[in-house]
Amino acid sequence: MHLGRPKTSTNTRHTSIAEEVLQLALHNGQSGLERVLVSFESKLCGTDDYTFLLRELGNRGEYEKAIKCFQFAVRRERRKTEQGKLASSMISILGRLGKVELAKGIFETALTEGYGNTVYAFSALISAFGRSGYIDEAIKVFDSMKNNGLKPNLVTYNAVIDACGKGGVEFKRVVEIFDEMLRSGVQPDRITFNSLLAVCSRGGLWEAARNLFSEMVHRGIDQDIFTYNTLLDAVCKGGQMDLAFEIMAEMPTKNILPNVVTYSTMIDGYAKAGRFDDALNLFNEMKFLGIGLDRVSYNTVLSIYAKLGRFEEALDICREMEGSGIRKDVVTYNALLGGYGKQGKYDEVRRLFEEMKAQKVSPNLLTYSTVIDVHSKGGLYEEAMNVFREFKQVGLKADVVLYSALIDALCKNGLVESAVSFLDEMTKEGIRPNVVTYNSIIDAFGRSATSECVFDAGGEISELQTESSSLVIELGIEGKATDGEDNQIIKIFGQLAAEKGGQAKKDCRGKQEILCILGVFQKMHELEIKPNVVTFSAILNACSRCDSFEDASMLLEELRLFDNQVYGVAHGLLMGCRENVWIQAQSLFDEVKLMDSSTASAFYNALTDMLWHFGQKRGAQLVVLEGKRRQVWENVWSNSCLDLHLMSSGAARAMVHAWLLNIRSIVFEGHELPKLLSILTGWGKHSKVVGDGALRRTVESLLTGMGAPFQLAKCNLGRFVSTGPVVTAWLRESGTLKLLVLHDDRTQSENAGFGQISNLQTLTL
DNA sequence: TATCTACGCC
């Protein structure tokens with residue numbers, strides 16, 4: 001359970017006496033240790049024996065015994081260099097165990113006692129801070145070397161770069177450090193590049209990672225299993241699974257065989273890309289190859305089954321894992337809690353939450369986030385409040401993710417005002433909202449039932465004192481939250497619990513609030529929070545929920561001030577512009593193509609929905625066909641099957657028209673249609689609510705409306721079927737073509753590019 | 001000369 005891997009000791013300089021002492025140290029208590037050390041003092045052979053002892057105790061998590069040995073060894077040693085060696089080792093060992101404060105203590109003592117001012121001690125401390133994510137501290141130590149007359153060496157730079165990776169420093173800044181390293185005449189080695197690759201992997205910068213890999217080859221630096229695994233991680237995190245697969249396949253040709261880490265990385269990559277079959281196939285391959293499973297690989301696969309709601313298989317993995325001597329840890333529980341929570345199995349969530357505590361597996365921030373989020377999303381605010389209270393009691397500190405999850409839950413439930421109160425509260429607690437937080441808020445507009453604009457024109461968050469919160473105080477509902485528990489979050493939860501999920505407020509719809517998004521956007525701008533493609537999708541989705549074309553177009557028009565390309569395209573397509581807008585749109589689509597598949601499909605779904613909603617159906621179809629051409633949705637159609645399960649309702653409808661026109665052209669070219677034709681809508685696993693089936697209903701009414709002869713398959717609720725001859729007959733009817741061809745409500749008639757688009761549509765079809 | 005590198009859960 002160390003933070004880091006144990007440092008494998010290839011050091012054989014120690015004597016067999018040291019091994020004997022290690023065994024005695026392990027089997028004796030703290031007090032016995034002193035006796036053992038004293039009695040073996042004359043036999044142990046200097047620093048090598050002592051560092052061996054420290055390292056091995058550290059590898060077994062016995063850091064207190066290691067410190068005792070260290071202090072003993074330093075006291076008996078008179079030579080500064082030898083003391084320095086002991087100190088550097090001790091700092092490294094404590095760093096690996098995540099005991100940064102202790103490591104820092106050893107370092108400072110060593111400095112004052114005159115044996116700590118070495119590049120080794122500094123490097124070890126940088127690494128210790130880095131490993132625990134204290135990047136600022138790590139950099140401070142690095143900078144302080146110059147004042148102490150020390151010159152960073154290769155290992156120091158490697159440690160700093162590694163710390164940057166773990167601390168989430170931007171790639172650009174790390175490259176500056178790398179450049180400084182080169183300028184100082186320090187030549188990078190394999191570990192330097194591996195650490196640089198790790199920086200890329202965090203941000204999913206797969207192209208930068210590939211360039212680094214080429215640079216390694218260019219410099220004649222050999223690759224190792226770390227290089228490949230880190231590169232793969234970057235490529236996987238960048239969502240490029242096909243490329244990752246190719247890279248993995250080339251490993252054996254370099255005599256580097258994929259190991260358990262390689263497989264875990266790939267399996268998780270496939271899972272994150274939604275390619276669960278590929279993920280599970282790799283898992284089977286790994287087992288078939290006899291690669292031993294570790295804690296991480298078990299948890300990776302378990303989380304897949306949990307996410308898919310395949311709990312029997314998830315529990316099988318648990319049993320297999322425990323059978324091989326690995327107990328369920330906090331990650332295992334978190335995955336199960338998330339899985340059961342997603343399916344609304346609250347009883348299981350509560351049972352597991354209690355079980356883990358009984359098993360002495362301490363819930364962590366993620367556990368609480370999950371459990372609170374699950375209950376909030378389900379509208380069970382009282383339970384959420386109780387778990388939040390427990391979370392506060394155990395002394396954990398909320399982070400931006402927890403708050404964002406809460407805010408998202410409230411927004412999804414249409415309670416944007418409460419969400420903004422939480423936003424206020426987190427800011428007061430000194431937690432900076434990020435783009436995810438704001439995306440949730442934006443997504444809430446049009447979803448909520450409240451009419452007040454919670455952001456004023458200047459973009460400031462208004463003071464919110466809702467009627468109901470004063471009501472709560474009067475009724476004393478927040479009574480449980482007294483006794484010095486002055487927590488706004490708990491008060492809001494209490495209020496929501498009392499309102500039974502705010503149902504009362506949900507139904508009163510006021511004026512369109514969509515223009516509030518401008519204020520939110522302005523606020524993001526002020527806080528220097530950069531909107532991303534999800535922000536864009538959220539805005540488009542808000543437009544799709546807005547009844548007023550004028551408000552929606554005004555919003556998009558105004559947003560062009562912030563980003564003319566993105567909002568120019570959305571606004572232009574909405575207004576029925578074509579030629580120039582379509583050229584701009586192409587470069588936007590190019591950018592989206594670089595993103596992972598679910599983000600990209602969400603973008604296409606949102607844009608199409610918005611256009612469809614405002615009657616720009618042909619425009620919607622152009623976008624959806626562009627998405628198909630760029631393979632945003634995998635295997636959308638063949639002559640016999642149309643798969644809509646990853647699409648939104650607008651995208652799906654535009655696609656149904658396109659597909660039917662496509663098979664119509666097959667018929668009119670004189671070819672026969674396949675015997676069986678299917679349209680798949682899925683059963684809603686990709687919708688917000690599992691099993692919702694909204695897409696199926698939408699497609700059903702579209703097909704019925706056109707008189708298309710498809711029927712729901714008897715054995716599969718997410719599948720419409722028909723036969724080739726029946727559909728052929730319908731397509732040949734005189735009125736069918738007119739039904740299938742889509743039109744825009746608005747077109748910019750002066751646009752000379754219209755004909756070009758018609759051609760494009762014909763071509764694509 | 002002691003110091004440095006990969007995978008999972010919100």
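Residue numbers begin at 1 in each chain, while the letters A, B, ... track the order of the sequences.
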Query raised in the report: When you check the phosphate oxygens OP1 and OP2 of B:dC9, does a side-chain N or O of A:K272 lie under 4.0 Å from one of them?
Result: yes
Query - No-H, no-angle donor-acceptor pair, A:D224 side chain to B:dA6 base, under 3.5 Å - result: no
Report task. Report which part of the nucleic acid A:D294 touches: base, sugar-phosphate, or nothing (heavy-atom distance under 4.0 Å, all strands). Result -> base
Query - Any N/O donor-acceptor pair, A:S369 side-chain to B:dC10 base, under 3.5 Å - result: yes
Query raised in the report: Per the atom types in the model, does the base of B:dC7 pair as donor or acceptor with the side chain of A:S264 at under 3.5 Å?
Result: yes
Query raised in the report: Does anything in residues 144-156 of chain A reach DNA chain B, meaning a heavy atom under 4.0 Å, and if so which residues?
Result: A:N153, A:V155
Query raised in the report: What is the ring orientation for A:Y157 with A:F142, classed by angle as parallel under 30°, tilted 30 to 60°, or perpendicular over 60°?
Result: perpendicular
Report task. Answer with yes or no whether the side chains of A:R327 and A:Q359 bring together a donor and an acceptor at under 3.5 Å. Result -> yes
Report task. Report yes or no: do A:R55 and A:S92 form a side-chain donor-acceptor pair below 3.5 Å? Result -> yes
Query raised in the report: With respect to the phosphate group of B:dA6, does any side-chain polar atom (N or O) of A:T262 fall under 4.0 Å of OP1 or OP2?
Result: no
Report task. Could you tell me whether A:D222 and A:R190 make a salt bridge, using a distance below 4.0 angstrom between a side-chain N and a carboxylate O? Result -> no
Requested in this report: Would you indicate, yes or no, if B:dA6 has its OP1 or OP2 atom less than 4.0 angstrom from a side-chain nitrogen or oxygen of A:K166?
Outcome: yes
Query - Any side-chain donor near an acceptor of the partner, A:Q223 and A:K254, under 3.5 Å - result: yes
Query raised in the report: How is A:T81 classified with respect to the nucleic acid when contacts are heavy atoms under 4.0 Å: base, sugar-phosphate, or nothing?
Result: base
Requested in this report: Please check the phosphate of B:dT3 (OP1 and OP2 only) for any side-chain N or O of A:R131 closer than 4.0 Å.
Outcome: no
Query raised in the report: Which is true for A:G84 with a 4.0 Å heavy-atom rule: it touches a base, it touches only sugar-phosphate, or it touches nothing?
Result: base
Query raised in the report: Quick one: is B:dT3 close enough that its OP1 or OP2 comes under 4.0 Å of any side-chain N or O from A:R96?
Result: no
Query - Sugar-phosphate, base or nothing in reach of A:S123, heavy atoms under 4.0 Å - result: base
Query raised in the report: Parallel, tilted or perpendicular: which fits the ring planes of A:F52 and A:H14, with parallel below 30° and perpendicular above 60°?
Result: parallel
Report task. Give a yes or no on whether a salt bridge exists between A:K357 and A:E390, defined as a side-chain N under 4.0 angstrom from a carboxylate O. Result -> yes
Query raised in the report: Tell me: OH of A:Y228 to C1' of B:dT5, nearest whole Å?
Result: 16 Å
Requested in this report: Measure from the ring centre of A:F226 to the centre of the six-membered ring in the base of B:dT5, then say whether that distance is under 5.5 Å and the planes meet at under 30°.
Outcome: yes
